[in-house]
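What follows is a short report on a single structure.
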Amino acid sequence: MALDQSFVGRSYPPTDPYEVGREKIREFAEAVGDANPAYTDPEAAKALGHADVIAPPTFVFAISFKAAGQVIEDPQLGLDFSRVVHGDQKFAYTRPVRAGDRLTVTSTIEAIRSMAGNDILDIRGEVHDESGEHVVTAWTKLVARAAEEGA
Amino acid sequence: MTAKIAYADVEVGTELPARTFPVNRATLVRYAGASGDFNPIHWNERFAKEVGLPDVIAHGMFTMASAIRVVTDWAGDPGAVVEYGVRFTKPVVVPDDDKGALVEVSAKVAAKLDDNTVRVDLTATSAGQKVLGMSRAVVRLA
């Protein structure tokens, strides 16, 4: 069933702060096999002009996607998550995420489209630090595949 | 932010060093833990096949994280990345053997933009299939 177009433009309340820890960044960098010292060595990060170790560019997805759960699980929207695949992902950074950040995410439904029975949902997550400064915007496109015939 | 590549030294068409990233089942388990994405299609072959996939597939976000390493290793400072976006066109299928899968990534400068930034277009393939489309990064050079 097509999603309700009236949800386009709807914003959800900001999430509780997520505190970015050095060891969480290290764990993520190791999991993607990325040995860049800017992720693990505060001195190396400082030499590049950062206040503390920074996170790999895609690290923030874990935070923004959790926030998008407010949209995905909104019973009024009625998205069938069991049929959802990740279509596109984009980030635009004001600065890199770094250890010590306390980040909140505000999710907004940017677009809802229906194509060949698939529901396509664009969610924008605006990520701010504790002082209210913008850090990064994450755009996530989710595609809920059409239900199978007779299913 | 201190990229080690100078804007003036880069032309449209400049190729970045290409990389090949191996992915096996252990990689995916580890990424699941670090990212918090425990969708069973990334570690449970029975489940993956039940939902119509050929086998366990890599997290799209793992592939995205791997591909940008071509840019961050070239630029030196990962904080120099201003924008990064991809489309997930085909899954990276990861068989349960000692080889797993390979993700091959190449990249070249597609445009020189304002403020010492350049647009880099990335190509990522696995088993001959293009796994990322519209894969672009904007990076600020020195």
Side-chain angles (χ1 to χ4, degrees), chain A residues 18 23-39 44-66 69 81-98 136-143 145 148, chain B residues 1-4 19 21-24 26-37 39 41 51-53 57-73 75-89 91 103 132-140 142:
Chain A
Y18 175 101
E23 296 307 326
K24 188 64 196 179
I25 292 176
R26 178 192 301 277
E27 181 189 8
F28 185 88
E30 285 177 351
V32 297
D34 195 333
N36 194 314
Y39 303 140
K46 277 175 195 155
L48 294 170
H50 306 296
D52 204 326
V53 293
I54 61 171
T58 63
F59 174 87
V60 74
F61 180 78
I63 306 167
S64 67
F65 191 65
K66 194 175 176 194
F81 189 66
S82 70
R83 311 200 65 80
V84 165
V85 295
H86 196 175
D88 292 31
Q89 182 61 38
K90 187 182 170 187
F91 303 99
Y93 308 87
T94 296
R95 66 161 174 85
V97 169
R98 59 180 175 245
V136 51
T137 299
W139 288 269
T140 299
K141 186 189 294 293
L142 299 177
V143 181
R145 294 167 295 149
E148 283 145 34
Chain B
M1 290 168 213
T2 0
K4 67 185 181 195
R19 296 279 299 271
F21 302 102
V23 192
N24 60 34
T27 318
L28 299 184
V29 169
R30 194 169 189 180
Y31 184 79
S35 69
D37 182 345
N39 189 327
I41 61 175
V51 297
L53 293 166
I57 63 168
H59 302 75
M61 289 306 299
F62 175 84
T63 306
M64 187 177 185
S66 297
I68 197 64
R69 289 176 58 193
V70 168
V71 177
T72 54
D73 284 350
D77 181 3
V81 176
V82 178
E83 279 182 34
Y84 178 36
V86 305
R87 172 161 296 168
F88 302 107
T89 48
V103 177
L132 298 179
M134 308 280 292
S135 182
R136 295 171 171 184
V138 174
V139 58
R140 180 165 290 118

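Heavy atoms only, all atoms of each residue included: A34(B) and F28(A) are closest at CB-CA, 4.0 Å. Closest of all the heavy-atom pairs between Q89(A) and M64(B) is O-CE, 3.6 Å. Here the shortest heavy-atom pairing between Y39(A) and P78(B) reads OH-CB, 3.2 Å. Annotation for A31(A) and T27(B): closest pair O-CG2, 4.4 Å, computed over non-hydrogen atoms. Listed here is the closest heavy atom pair of H50(A) and D77(B): NE2-OD1, 2.9 Å. Of all heavy-atom pairs spanning Y93(A) and E83(B), the tightest one is CD1-N, 4.1 Å.
Atom OG of S35(B) is separated from atom NZ of K66(A) by 12.5 Å, given to the nearest 0.5 angstrom. Atoms CG and OG, from D88(A) and S135(B) in turn, are 10.5 Å apart once rounded to the nearest 0.5 Å.
For Y84(B), the parts lying near chain A are the backbone and the side chain together; criterion is any non-hydrogen pair under 4.5 Å. Interface remark: A45(A) contributes no atoms to any contact with chain B (heavy atom separation under 4.5 Å). Contact annotation for K24(A): only side-chain heavy atoms (C-beta onward) come within less than 4.5 Å of a heavy atom of chain B. Using a 4.5 Å cut-off between heavy atoms, A38(A) contacts chain B through its side chain alone, with no backbone atom that close.
R69(B) is not listed as a side-chain neighbour of N36(A), based on a closest heavy-atom distance of 4.5 Å or more. A heavy-atom distance below 4.5 Å is not found between the side chains of H86(A) and H59(B).
At a heavy-atom cut-off of under 4.5 Å, chain B is reached by I54(A), P57(A), T58(A) from residues 52-60 of chain A, listed in order of number.
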